[in-house]
Every structure is written in C-alpha cells, then in structure tokens.
K.L.:
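I'd like to ask you about the structure that follows.
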Number of protein chains: 2
Amino acid sequence: MSGTSEKEQPRRRQARGERRIAQLLQAAAQVFCTTGYTAASTNAIAREAGVSPGTLYQFFPNKEAIAIELGDRLVHEMREAYGEALAPVDPGTPVEQAIGSAVDRFMAFNTEHPVFFALMHGPDIPGRMAEAHDQLHTTVTARIESLLASLMPGADPADVTRRAHVCLGVYKAGLELVLAHEGAERAAYIQEVKDVLVRYLEPLVGERPRHG
Amino acid sequence: MSGTSEKEQPRRRQARGERRIAQLLQAAAQVFCTTGYTAASTNAIAREAGVSPGTLYQFFPNKEAIAIELGDRLVHEMREAYGEALAPVDPGTPVEQAIGSAVDRFMAFNTEHPVFFALMHGPDIPGRMAEAHDQLHTTVTARIESLLASLMPGADPADVTRRAHVCLGVYKAGLELVLAHEGAERAAYIQEVKDVLVRYLEPLVGERPRHG
DNA sequence: GACAAACGCGAGTGGTCGCTCGCATTCTTG
DNA sequence: CAAGAATGCGAGCGACCACTCGCGTTTGTC
C-alpha cells in the first residue's frame, strides 16, 4: 500500500509564473518552428524568452515537457475550435462541400499555428511526444473513417481505413506545400488539395461499383 | 593566377580501402535509416561497420561527407535505373499507364533503398545535403512538369508547375504509407497512390477547359 | 513589517559527440 | 627484402547541451 499522497501538488504558482510559462511556450514555439525539436536548445528557448536557463527549469522539468505542454495546449485549442470539422455529414451533403469546409478549417488552424506541423511531423520527436502524436493521429483517422463511412456505406472497413490514411497523408503533403507559399499561391494550393481529395473520393460515393 | 595544382589527388586508394568505404556506407545507411541523420553518431556507424572511429575518418573528412557520398551514389543509381520513368509520353498514351509505370518504378527503388527517403525527407539534413535535395527536387519536378505538359498541352505554365509539386507531394505522402506496410497492404497502398494521381490528373487531360 | 514561498539568475557539472593524433600493421613497389 | 604509403586502432580533446545549485529578489500572507 503506497502512501495516500502519491501525487503532490507540484507547486503553487503566482500570476507572474503563469505569464512566464506562456512566454516560454511562445518562445519555444518560435524556436521549434525554425530549428525543429532536437536542434532547439533549451538555452536558445530561454534566450528567446529573455530569461535565464535556470528560470526555464523553474517551470519545466526538462526539454521534453516543454514540447508536451505546447502540444497539449495546441491539441486542446484545435479540439475546441475545429472539433466538429470532421463530424459525419448528412447523406445528402455533396462531397465537395464536406471536404472543402474540413480542409479550410484545418488549413486555417495549421497556418495560424505552424508549430503544430513542426512538432507532429519531424522524425526527431521524443518518446512521450510520439505517443501524443500517435494518439492524435488515431483520433483524426477514426474521425475521417466515420466521415468516409457515412459517405460510402457498406464498404469494406479495411478499405475505409486505408482510404482514411491516404486522405490524411494527402492533407499533410498539401499542408507542407501550403505552408511553403503565401498569398494567392497559397490559396491556389489549398484549392489543389481540395481537388485531389474530392476527385479521389468522388468515384466512391457515387454508388456505381468501382472495378478496382 | 593561382597554382595549377589546386586540387591535389586526395589519396591513392587500395582495394581494401574501397571495400571499407562500401562497408561504411552500408553501415551508415542502416544507422541513418533507423535513427535519422542528426541522431546517428559517427561512432555508431563505425561500430555498425565493425571498425574504429579513426578508420572511419580515414575515408571521410566528416559526418556530412558520409551522407553526401551515400546520397550521390543513390541518386546516380536511381538515374541509371529509372531515369526514363518520367520521360514524356506519346500523346495517345492513357494516363493510367503513364502514372502506373512511373509510380511502380519509383516505389520499387524507394522500397529497395529506404535510406533515400530517410535522407531526403528529414528536416535534420545538413547544409550541403539540403542543396543536393533541392537539386534533385528541382530535377524531378521539371520532369513531372514536362510529362504533365505533354499530357495537357496549352495549359498555364504556373498551373503545370503547381500540379507537378502536388503530384510529387502526393507521391511522397504515399511512399511514407507504403514503407509503413508490407505485403498485400503495401500493394494496396501503392494502388491507392496511383488512384489518387490518376483521378487528380484525369480531368485535366480531357481537353474540356477547367474553369479553375 | 516579518516570514515563507515563488521567482530569477548564470556559472558550473556531467555526459555525449564529432573529430584528432600517435603509433602499429598491412600492402605496394623497386 | 626494404622503404614508404595506405590502412587500422582507440584513448582522448574540445565543444556543445540538458540540466543543477546556491544565492539574491519579488510577492503573498498574517
């Protein structure tokens, strides 16, 4: 029987501390964005935030915890703002509209928070971060699966899963292109991503059988 | 006027040395594949090859040179084996066939040499390596562009360029999925990639104008 | 105002990694 | 076989990085 107070309250923060945390997370986002996670040094993050390394470690036990907290906050914000973007649609909804609005929402979020892509995409993510990545990936894939299932009822579940993975992969690839451009070119690339997805999925919703 | 012998012959290699180089490159490919470039330590590469760190530096001036040489050999081999995969096709060739054979060839090469993807994809590539990456990227994109141009003559060059980038991005995303699976699933994903590309490009080759 | 707790600092510590150096061994060449 | 070059070794050097520690400052509480 272990003690009753296994989890001690980590600390009692002051308003100043919360501000510092936000400041440090913003600085970390900046540094992660430009150099990636592994190449980002904690000293650089502290410098970017205008504080000393010791101050950084006052609020985060280690480098990984910074990325974890940043990722958690981003995931939370994404869930709040765009959680319904992949909800199953009415049977009558045209595919263009469903895909278009979903792509628009996620593109907006990702261009507003480029760190998200940087943290989730790099092969240099730490162990605990990979878990979070996998969990989010699974969640999003499941959402896409149910969306696809609502579009093409009676299809082989394995096919639906595979197509969901392909859709997410296409979106990620498109996101990379979108983030690499600005203005009109960026808008044009967003439209291309929609086109790719719509044309990929359109033959599946029309109930004429596909010869494979 | 600078001296005539600016570039000294670096060294006169024995057969043993060439063998060691091949051995070291193979070990480096293994380590790069599993841990990525930055996380790969030269000591680990030497250990994998069964030699000492000093021996490694007998043949490569630094860590970057290992990746460069490996990349150069891979690019060379790819050019030799699959250089014609993206050649422009006869006007009568169906799109399915052109895309199918190109995807098959590149997928075969990339699954046979997974290091290639690891070296070209990671955000942790060194400066000189990024140049090689960009150069290859440009070359391949130009090839795709001319292939697309032969399929849809009279299109806006900017559109062609954009679509070429989208095609390459879709291929890369598909490659990631393909490399993550094996056997029948892998084959199914390859087919999905072909489907995505064919359906993306099919409306463009029929000469009815697209309203954009 | 007094006390404690949270905050802030930055030089320092232990560890890792890229890379070197001196020396031993093997090969080529005459 | 002798000389020199190429190959092979592995302890160790310098740099960098995640993280710590002791001490001074600010803030909340009574």
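Here is the naming used below: chain letters follow the sequence lines, and residue numbers restart at 1 for every chain.
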K.L.:
Do the rings of B/Tyr37 and B/Phe32 sit parallel, tilted or perpendicular, given the 30° and 60° boundaries?
P.N.:
tilted

K.L.:
Nucleotide by nucleotide, 5' to 3', does protein get under 4.0 Å of the base (B), only the sugar-phosphate (S), or neither (-) in nucleotides 17-30 of chain C, counting heavy atoms?
P.N.:
-SBB-----BSSS-

K.L.:
Rounded to whole angstrom units, what separation is found between the CZ atom of A/Phe60 and the P atom of C/dG8?
P.N.:
12 Å

K.L.:
Got a second to check how far A/Lys172's NZ is from A/Glu176's CD, nearest 0.5 Å?
P.N.:
10.5 Å

K.L.:
Can a donor-acceptor pair be found between the side chains of B/His165 and A/Glu192 at a distance below 3.5 Å?
P.N.:
no

K.L.:
Starting at CZ of A/Arg20 and ending at C1' of D/dT25, how long is that distance when rounded to a whole Å?
P.N.:
13 Å

K.L.:
If the cut-off is 4.0 Å, is B/Thr55 near the phosphate of D/dC9, judged by side-chain N/O to OP1 or OP2?
P.N.:
yes

K.L.:
Roughly, in whole Å, what's the span from CD in B/Gln58 to C1' in D/dT7?
P.N.:
5 Å

K.L.:
Separation of A/Glu18 atom CD from C/dA6 atom P, in whole Å?
P.N.:
13 Å

K.L.:
Measuring from atom CD of B/Gln58 to atom CZ of B/Arg20, what distance do you get when rounded to the nearest 0.5 angstrom?
P.N.:
11.0 Å

K.L.:
Using a cut-off of 6.0 Å, state whether more than 12 heavy atoms not belonging to A/Glu18 lie near its atom CD.
P.N.:
yes

K.L.:
What's the shortest heavy-atom distance between A/Glu64 and A/Met129, and which atoms?
P.N.:
OE2-N, 3.8 Å

K.L.:
In whole Å, what is the span from the CZ atom of B/Arg47 to the C1' atom of D/dG8?
P.N.:
17 Å

K.L.:
Under 4.0 Å from OP1 or OP2 of D/dA5: is there any side-chain N or O of B/Arg13 that close?
P.N.:
no

